[in-house]
Amino acid sequence: METAIIPVTPITPTDNNDLVSSEVQPNKRRRKKSIVWDHFTVETVGDGCIRACCNQCKKSFAYITGSKLAGTSHLKRHIALGICPVSRQRNQQASDTKTANATYEPRKRQRATPGFANIPFNQERCNHEIAKMIIMHEYPLHIVEHPGFIDFARTLQPQFNMVSFNTIQGDCVAMYLNEKQRLLNFINEIPGRISLTLDLRISNQTVGYVFITGQFIDMEWNLHRCLLNVVMVPSSDSDCALQQAVVSCLSDWHLENRLFTLGLDQSFSNVNINQNLRALFSVRNPYMLHGQFLIGNCFARVLSLLAQEALWSVGETVKKIRDSVKFVKTSDTHEETFFGLKEQLKVPSMKDIFIDDQTKWNTTYDMLAAACELKQVFLCLETSIPDYNIAPSMDDWKQIEILCTYLKLFFDAVSILTGPTYPNASAFYHEVSKVQLELTHAAMSNDPFISNLTKPLKEKFDRYWSDCFLVLAIAVVMDPRFKMKLVEFSFSRIYGDDAGMWIKIVDDGIHELYLEYIAQALPPPETFVEERNGSIIPEQNGGVILKTEPPEDGYLHEEGYLQEEQTHEAAPQEVSHHEVAHQEDSHHDVAHRELSDQEVDSQEITHQEEASQEVPSQDPLISIGDGLSDFEVYISEISGSHQMKSELDQYLEESLLPRVQDFDILGWWKLNKTKYPTLSRMASDILSMPFSTVGPDSVFDTERKKMDNYHSSLRPVTLEALICAKDWLQYGGLSQSCDGNVKMEF
């Protein structure tokens, strides 16, 4: 095709002295080198306006407008990617793809693009990535039917065939099932127990959705927290359905005998619900302090309620501050005047005022804290802007400053949940005990405003403290930097003279829990093993008793064990009496020899009686083998008579580790699990206990999250797949490769 050369209208230089491309300069009429001009013709449509027209579909595109040159990239895409309908139709009708491409596609310049030029198109991989995108960003499944998205995907890859709604739904569920199996295999390999939390959301149709989250420590002592199930229940007060949801989760993830703690949200405040769940927990976990590890309140929600009540108690004053901030931020003139006054007054604050989001109480705290630092500017604003007649008084500012003191206490305490990693259980005791101590002290303040503000808060927090102090204290005892010492120190400040009683409750509780782990590690009280001759003898306390000669009737009577045990118990007493006599009569050789002869005779008679009572024998010798068998029995008996310290007592008596920043408590237990085999198992379960049921994005919420209309319209299996898979994808569990083994069709 012959390239058309159109004279170009002269263009004046721009004001900014930008150089105009040589292609649009009037005096240099050189041939255009771009390959797009084999398919486009330039047309002058007005003064300084030149457009490029497609020779096939006759569609016009911008090329030169005044001094601006649009370039040719969009023209290349029109032909190369099949956007031109005439070119696309011809390509589809051509029998030979190579011939068609050579005929209708523009000639491409050879460019060095190693690694991308030879990648084959993969329809299944594209489907997988679309499903992953929908899960990750919570796009609606109907996005695959949106015309804009279809055009966008076709622009990126003309060969891609957009999937249907049912197909993408099946791909999302298949991805969920694959990842669920991987997570199930991982959970089955953890050595310890798992803790669950229940969180509730309600839809506009008043249908309940229970989010069940699991928390555990793996073999490498890494803490994991992941969503396990999303279960629909008829309503939030349906206690039977809620109990069934927990049972279904335990069965679904093979956790029937591995539940350690169960954490609830205060949404489950119904008495029947709490009683049924506590009964279920006691049945499913009878060993852990008789089912006492049922955490009835979410730490984040409790502090959120306290913050809301504190804000409500001084609501009128808070409203004055909020209205003042709105007055400044909603007018550019007012804002300029405000910051001008700030510079004149030389206020050192670096904070900027902003309007709070009343669904997040931390934004209200930040707004009030920033306003307090700029209160001098607000006090002078009335003189600069006559319309500003809502300035708070000095008493108002004093109240806000006191309020911010306690809001900061709550903010700092709950901020441990907003970090990049979820904290272990020992971290919560510091924050909870600090809040308890500060509210106790403030409630007794002589300042009437402080006491009236904090007394209702203390009453509510006392209920949370009384429910959780035992598990919180047990968790912090597992920190080698604190152990029981921090409990003793903090309890003495909280309880005063009554601290000893509460400290004993914690000490008894942790020892009782340790004994339960010891009991689980022991074998059954009486088992049976087979001897080589086929006979069976009982095994007690894990020790097999071997006999050199089989008894007459083929088995050993229970009375024989009692007699043997009594005889061995008497032997240390005789030896002890002999040692005492030797010390007292060391200067009386004759008496000592007579006493020794009598004891030897007595021992011979005793051994003869034992032999005659246990097993009839004609052997006149009382020694067996090398004669040291009795010595080994003697050593084992005197060793057993001395009470050995347990792992727990040994751990508690050792000195505390120094307090260092970023101490890795889980790493410490990993290094010391050989030294404390039983205690480390207990520490692994304790340190994985969750005290919050919400995620980091909901820590400061003042309103309960609702299930939106889109998600509530989905089928239960699809809803659970989308929500759980998103959590696992953020958690890093989803694989990068496309697995086509599981297919779900709807």
Side-chain angles (χ1 to χ4, degrees), residues 192-198 213-217 223 225 258-266 268 274 277-278 280-282 284-303 413-414 416-417 422-437 461-479 482-488 490-491 494-495 499 501-517 648 651-652 665-666 669 679-694:
R193 295 173 176 265
I194 188 170
S195 297
L196 301 180
T197 63
L198 308 183
T213 303
Q215 193 159 306
F216 56 91
I217 292 177
L223 181 63
R225 178 182 174 89
R258 304 179 65 186
L259 180 61
F260 186 67
T261 61
L262 186 63
L264 306 179
D265 178 20
Q266 62 264 30
F268 309 106
N274 280 330
L277 287 177
R278 189 174 296 277
L280 170 67
F281 185 67
S282 299
R284 297 287 176 174
N285 187 9
Y287 303 105
M288 299 297 104
L289 291 181
H290 309 290
Q292 293 184 37
F293 281 5
L294 179 67
I295 304 173
N297 283 296
C298 168
F299 175 62
R301 291 267 170 82
V302 168
L303 292 185
V414 81
I416 63 172
L417 294 170
Y422 193 86
N424 63 75
S426 66
F428 288 90
Y429 179 83
H430 311 292
E431 307 301 334
V432 176
S433 61
K434 183 168 62 176
V435 172
Q436 176 69 15
L437 177 63
F461 198 76
D462 280 346
R463 292 195 290 269
Y464 175 75
W465 172 259
S466 62
D467 290 339
C468 300
F469 84 94
L470 178 59
V471 288
L472 286 166
I474 289 177
V476 82
V477 170
M478 293 293 101
D479 191 328
F482 304 111
K483 302 181 183 179
M484 282 294 295
K485 301 302 181 183
L486 181 61
V487 175
E488 296 168 0
S490 56
F491 276 24
I494 295 174
Y495 295 110
M501 177 184 65
W502 298 100
I503 294 172
K504 187 177 185 304
I505 292 176
V506 176
D507 187 71
D508 292 345
I510 194 170
H511 278 85
E512 181 181 351
L513 182 61
Y514 174 74
L515 292 178
E516 290 171 354
Y517 273 85
L648 176 60
Y651 165 78
L652 294 177
I665 180 175
L666 298 182
W669 278 106
L679 188 61
S680 63
R681 289 192 301 107
M682 188 176 84
S684 174
D685 295 339
I686 290 174
L687 294 176
S688 66
M689 290 189 300
F691 289 94
S692 177
T693 63
V694 300

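All of these numbers come straight from a predicted model, not from anything done at the bench.
- By the side chain to side chain contact (heavy atoms under 4.5 Å, CB included) test, Ala300 is found to be paired with Cys298, Val414, Leu417, Ser692, Val694, Val699, residues two or more places apart in sequence or in another chain being considered.
- Remark: Arg681 pairs with Tyr517, Ala521, Thr678 by the side chain to side chain contact (heavy atoms under 4.5 Å, CB included) rule, at least two apart or across chains.
- The ring-ring contact (aromatic ring centres under 6.0 Å, His included) search around Tyr464 returns Phe461, not counting sequence neighbours.
- Between Leu652 and Val477 there is a side-chain heavy-atom pair separated by less than 4.5 Å.
- With sequence neighbours left out, the side chain to side chain donor-acceptor pair (under 3.5 Å) criterion links Thr213 to no other residue.
- Between Ile686 and Leu513, the closest side-chain pair of non-hydrogen atoms falls below 4.5 Å.
- A distance of 11.0 Å separates CG of Leu303 from CG of Asn297, quoted to the nearest 0.5 Å.
- When each of Trp465, Phe469, Phe299 is checked for a ring-ring contact (aromatic ring centres under 6.0 Å, His included) with Phe428, only Phe299 meets the rule.
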Could you walk me through whether Ser426 and Ile665 satisfy the side-chain contact (heavy atoms from CB on, under 4.5 Å) test, starting with their C-alpha distance in whole Å, then the side-chain angles of each, then the deciding distance to 0.1 Å, before giving a yes or no?
CA-CA 9 Å; Ser426 66; Ile665 180 175; 3.8 Å; yes

Take Asp479 and Tyr429 through the side-chain contact (heavy atoms from CB on, under 4.5 Å) test and state the conclusion after the steps.
CA-CA 11 Å; Asp479 191 328; Tyr429 179 83; over 6 Å; no

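- Taking CG of Leu687 as the reference point, atom CG of Leu223 lies at 9.0 Å (rounded to 0.5 Å).
- Rounding to the nearest 0.5 Å gives a distance of 9.5 Å between CZ of Phe216 and OG of Ser688.
- What you find for Gly214 and Ile194 is that their closest heavy atoms are CA-CD1, 4.2 Å.
- With a 4.5 Å cut-off on side-chain heavy atoms, Ile494 and Trp502 do not count as touching.
- The distance from atom OG1 of Thr693 to atom CG of Leu196, rounded to the nearest 0.5 Å, is 12.5 Å.
- Every residue meeting the ring-ring contact (aromatic ring centres under 6.0 Å, His included) condition with Phe491, not counting sequence neighbours, appears here in chain and number order: Tyr495.
- If you take CD1 on Ile505 and CD1 on Ile474, they are separated by 11.0 Å, rounding to the nearest 0.5 Å.
- Among residues two or more places apart in sequence or in another chain, the side chain to side chain contact (heavy atoms under 4.5 Å, CB included) test is passed with Leu515 by none.
- Partners of Asp507 by side chain to side chain donor-acceptor pair (under 3.5 Å), not counting sequence neighbours: none found.
- Checked by atom type and distance alone, the side chain of Asp685 pairs as donor or acceptor with a backbone atom of Arg193 at under 3.5 Å.
- In this view, Ser195 and Thr261 satisfy the side chain to side chain donor-acceptor pair (under 3.5 Å) rule, not counting sequence neighbours.
- Considering only residues two or more places apart in sequence or on other chains, Ser684 meets the side chain to side chain contact (heavy atoms under 4.5 Å, CB included) condition with Ile217, Trp221.
- The salt bridge (charged side-chain N to carboxylate O under 4.0 Å, His left out) test applied to Lys434 returns Glu431, not counting sequence neighbours.
- Residue Pro690 comes nearest to Gln215 through the heavy atom pair CB-OE1, 3.6 Å, listed as atom of the first residue, atom of the second, then distance.
- For Phe482, the ring-ring contact (aromatic ring centres under 6.0 Å, His included) test picks out His430, with sequence neighbours left out.
- Between Met682 and Met478, the closest heavy-atom pair is CE-CE, 4.0 Å.
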